[in-house]
Novice: 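Sharing a structure below in structure tokens format, with a few things to ask.
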Amino acid sequence: MADWLEQTEDLTLKGQIAVPYTWWVGEVGSRFLIALRDEGKILGNRCPDCRTVYVPPRRNCGRCFVDMGEWVELPDEGVVTAHTMVRYEYGLQPARPPFAYAVIKLDGADVGLVHLITKDLERLKNGARVKAVFKEDRSGHILDIDSFRLL
């Protein structure tokens, strides 16, 4: 019965498909994005046990696995702890190259936030101080922070 399977050739079709979708970020993610949109503020939350401050905020502490406690407003400045340069264009990128993805540890936070740096890339290095640049028209998206600029 499986004779027909031995007589067939493998077929590979190369291509791309678009799969647009949306999802709910939950109560914690919603509060974070609404604060970005409505107030231009960056919120994090602090673990009641280990006191770790997370931004973006999380429902549970990644170290203690307990429900997160208090909300904290974080300043819009911090330090680059890691980065990578993007020099080639790809349709799904949030900015036109050249730009950098950077892990930014905001002052008062214990974990880094991944975001964009789009200007003064020749000055970019780990340890550089940066400041958030908010868009004028915000929609409740992480890119309401347009990018971070070097200080």
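A quick note: this is a predicted structure, and the numbers were derived from the prediction, not measured.
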Novice: If two hydrophobic side chains count as joined below 4.5 Å and joins carry through other members, does Leu121 share a cluster with Leu116?
Specialist: yes

Novice: I want to check something: taking the side chain as every heavy atom from C-beta on, are Glu73 and Lys41 in contact at a cut-off of under 4.5 Å?
Specialist: yes

Novice: Work out which heavy atom in Pro75 is nearest to a heavy atom in Ile42; give both atom names and the distance.
Specialist: O-CD1, 4.3 Å

Novice: May I have the list of side-chain donor-acceptor pairs in residues 90-99 shorter than 3.5 Å, sequence neighbours left out?
Specialist:
| unit_1 | atom_1 | unit_2 | atom_2 | d |
| --- | --- | --- | --- | --- |
| Gln93 | OE1 | Tyr90 | N | 3.1 |
| Gln93 | NE2 | Tyr88 | O | 3.0 |
| Arg96 | NH2 | Glu89 | OE1 | 3.1 |

Novice: Just so I know, are the side chains of Val28 and Tyr54 near enough to count as touching, which here means a heavy-atom distance under 4.5 Å?
Specialist: no

Novice: Does Leu151 offer a backbone N or O that forms a donor-acceptor pair with the side chain of Arg123 under 3.5 Å?
Specialist: yes

Novice: Compare every heavy atom of Ala109 with every heavy atom of Val55, then report the nearest pair and how far apart it is.
Specialist: CG1-CB, 3.8 Å

Novice: Is it the case that the side chain of Arg138 and the backbone of Leu36 share a donor-acceptor pair, with hydrogens and angles ignored and the cut-off at 3.5 Å?
Specialist: yes

Novice: Which heavy atom of Val25 sits nearest to which heavy atom of Ser30, and what is that distance?
Specialist: CG2-N, 3.3 Å

Novice: To the nearest 0.5 Å, how far apart are CD in Glu70 and CG in Asn45?
Specialist: 9.0 Å

Novice: Is a side-chain N or O of His115 found less than 3.5 angstrom from the main chain of Ile145, in a donor-acceptor match?
Specialist: yes

Novice: Side chains of residues 58-65: which donor-acceptor pairs under 3.5 Å do they make with residues two or more places apart or in other chains?
Specialist:
| unit_1 | atom_1 | unit_2 | atom_2 | d |
| --- | --- | --- | --- | --- |
| Asn60 | ND2 | Asp67 | OD1 | 2.8 |
| Arg63 | NH1 | Thr52 | OG1 | 2.8 |

Novice: Would you give me the side-chain donor-acceptor pairs under 3.5 Å for residues 124-137, sequence neighbours excluded?
Specialist:
| unit_1 | atom_1 | unit_2 | atom_2 | d |
| --- | --- | --- | --- | --- |
| Asn126 | OD1 | His83 | ND1 | 2.8 |
| Arg129 | NH1 | Asp107 | OD1 | 2.9 |
| Arg129 | NH2 | Glu77 | OE1 | 3.3 |
| Arg129 | NH2 | Asp107 | OD2 | 2.8 |
| Lys131 | NZ | Asp76 | OD1 | 3.0 |
| Lys131 | NZ | Asp76 | OD2 | 3.0 |
| Lys135 | NZ | Leu143 | O | 3.2 |

